[in-house]
2 protein chains.
Amino acid sequence: MVKKRTGLVEALKEAGFRMTPQRTAICEALSTRFDHPTAHSLYEQVKAEYSSLSLNTVYQTLDTLLRIGAITSLGSAGDDTIHFEVNTDPHINLACLTCHRICDLNSTAIQALEAEVQEAIGSKVLSGRVVYYSECLEQSDPSDCRFNPASSNKEGRVDE
Amino acid sequence: MVKKRTGLVEALKEAGFRMTPQRTAICEALSTRFDHPTAHSLYEQVKAEYSSLSLNTVYQTLDTLLRIGAITSLGSAGDDTIHFEVNTDPHINLACLTCHRICDLNSTAIQALEAEVQEAIGSKVLSGRVVYYSECLEQSDPSDCRFNPASSNKEGRVDE
DNA sequence: AACCTTTAAGGAATGGTTCCATTATCTAGG
DNA sequence: CCTAGATAATGGAACCATTCCTTAAAGGTT
């Protein structure tokens, strides 16, 4: 049972940003794939639809979404590129340092964690990254990730 | 009451790595400062002692320490450079997106979090990053970070 | 002390991300 | 509708943290 996300487009509009076909397409792409995309992978995906799309536009849109808190940044998964998180529900991320995929892990403890943070600082928490690193495989075939939902975690989701 | 850290030098030796003056100096530098240094800031610090030190050596040593789990990587604090964590006790990191400093926050919930991770995956957890982002200041003077231990958190430690 | 292997140094290369100038596009106001 | 003013997209150049490569310089072992 995959939860439908609140629209990124709506979030941009509410924050007072102009809507353009590119932004709409990027938001669509973000909301349809349940992985942890990089700027480049999004670019490739949306460029299929808008051949004139600039990589720069993807970076700008991601930055805008970050600033309004609609997405978060998870940093690198051992591949020196930034992975983004579209699922804003509090959860743990498991990153594999071999295949560089990240999957979500539901957590009950993380609510308490965020409460601790909120209490410790006066100002508002803008975003958070909770990532644990491991090796999901002995072999190096990414299609066989041991973090895969099929093997250990019904609700986990795997990305590239 | 600051806890004395287990030696990084010893960890390297135990892992079978050769000791060199440079590595020793870098480990010393890491263990004496209680912040979340970047490769460059370590380089500047140790270069004062070893003028011939190469930035490359710092990167290599940090990578080695990462691989044996003696330190962890926290990623960027909004400044597009990697900050390292020398305190391997489980804790929360608070990063300020204005002044790019990170401080530690003791947490009780984080033990439960790591237990959840350990249970979810079969393989060993290599490292983790638990970072929350906020703005510590209205004004932009880094010396006045609201995350500063003096103001809110006795055990917090602030870095650049 | 000699040998083999690991490490340091220096500099060049890489590549993700950002910056800049120009052109196109959106939205509000007339 | 049309126009004006502001925001966004594009393309390409620039940036800079990090990595790669090659050579010279130690470690540590027999």
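Model, not experiment: these values are computed from the prediction. To find a chain, count down the sequence lines: A is the first, B the second, and so on, and within it residues start at 1. Heavy-atom basis, side chains included; hydrogens, waters and symmetry copies ignored.
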In terms of the nearest nucleotide of DNA chain D, which residue is placed more toward the 5' end: Y50(A) or H40(B)? Y50(A)
How close or far is atom P of dG27(D) from atom NZ of K13(B), stated in whole angstroms? 13 Å
Taking only the side-chain heavy atoms of T57(A) (C-beta and beyond), determine which of dG16(C), dA17(D), dT10(D) contains the nearest atom. dT10(D)
Specify the separation, in whole Å, of atom CG of L12(A) and atom P of dC26(C). 15 Å
Checking E116(B) against S107(A) for the side-chain hydrogen bond (donor to acceptor under 3.5 Å, both in side chains) test, could you report, in this order, the C-alpha distance in whole Å, the side-chain angles of both residues, the deciding distance, and whether it holds? CA-CA 7 Å; E116(B) 284 181 336; S107(A) 165; 2.5 Å; yes
Could you check how far CG of D79(A) sits from P of dT18(D), rounded to whole Å? 15 Å
Any Q22(B) side-chain nitrogen or oxygen under 4.0 Å from OP1 or OP2 of dA9(C): yes
Counting N and O atoms only, with roles assigned by atom type, does the side chain of H40(B) sit under 3.5 Å from a partner on the main chain of T38(B), one being a donor and the other an acceptor? no
Is there a donor in the side chain of S73(A) and an acceptor in the side chain of R129(A), or the other way round, less than 3.5 Å apart? yes
For L42(B) and dT18(D), give me the distance from atom CG to atom C1', rounded to whole Å. 15 Å
Separation of L62(A) atom CG from dT18(C) atom C1', in whole Å? 14 Å
At what distance, to the nearest 0.5 angstrom, does OH of Y133(B) lie from CG of N93(B)? 9.0 Å
Nearest whole Å is fine: how far is dT7(C) P from L53(B) CG? 16 Å
Between L55(B) and R18(B), who's closer to the 5' end of DNA chain D by nearest nucleotide? L55(B)
Would you please confirm or rule out a distance under 4.0 Å between OP1 or OP2 of dT7(C) and any side-chain N or O of T20(B)? no
N56(B) or R23(B), whichever maps to the more 5' nucleotide of DNA chain C: R23(B)
Would you confirm whether H83(A), through its side chain, and H36(A), through its main-chain N or O, come within 3.5 Å as a donor-acceptor pair? yes
From CG of D63(B) over to P of dA17(D), roughly how many Å is that when rounded to an integer? 18 Å
Length of the line joining H83(A):NE2 and dG16(C):P, which is rounded to integer Å: 11 Å
Map F17(A) and T61(B) onto DNA chain C by nearest heavy atom, then report which one ends up closer to the 5' terminus. T61(B)
Ignoring backbone atoms, test whether Q60(A) places a side-chain nitrogen or oxygen under 4.0 Å from the OP1 or OP2 oxygen of dA8(D). no
So, does S54(A) get its side chain near the phosphate of dA9(D), meaning an N or O under 4.0 Å from OP1 or OP2? no
Just to confirm, is there a sub-4.0 Å distance from OP1 or OP2 of dT18(D) to any side-chain nitrogen or oxygen of Y59(B)? yes
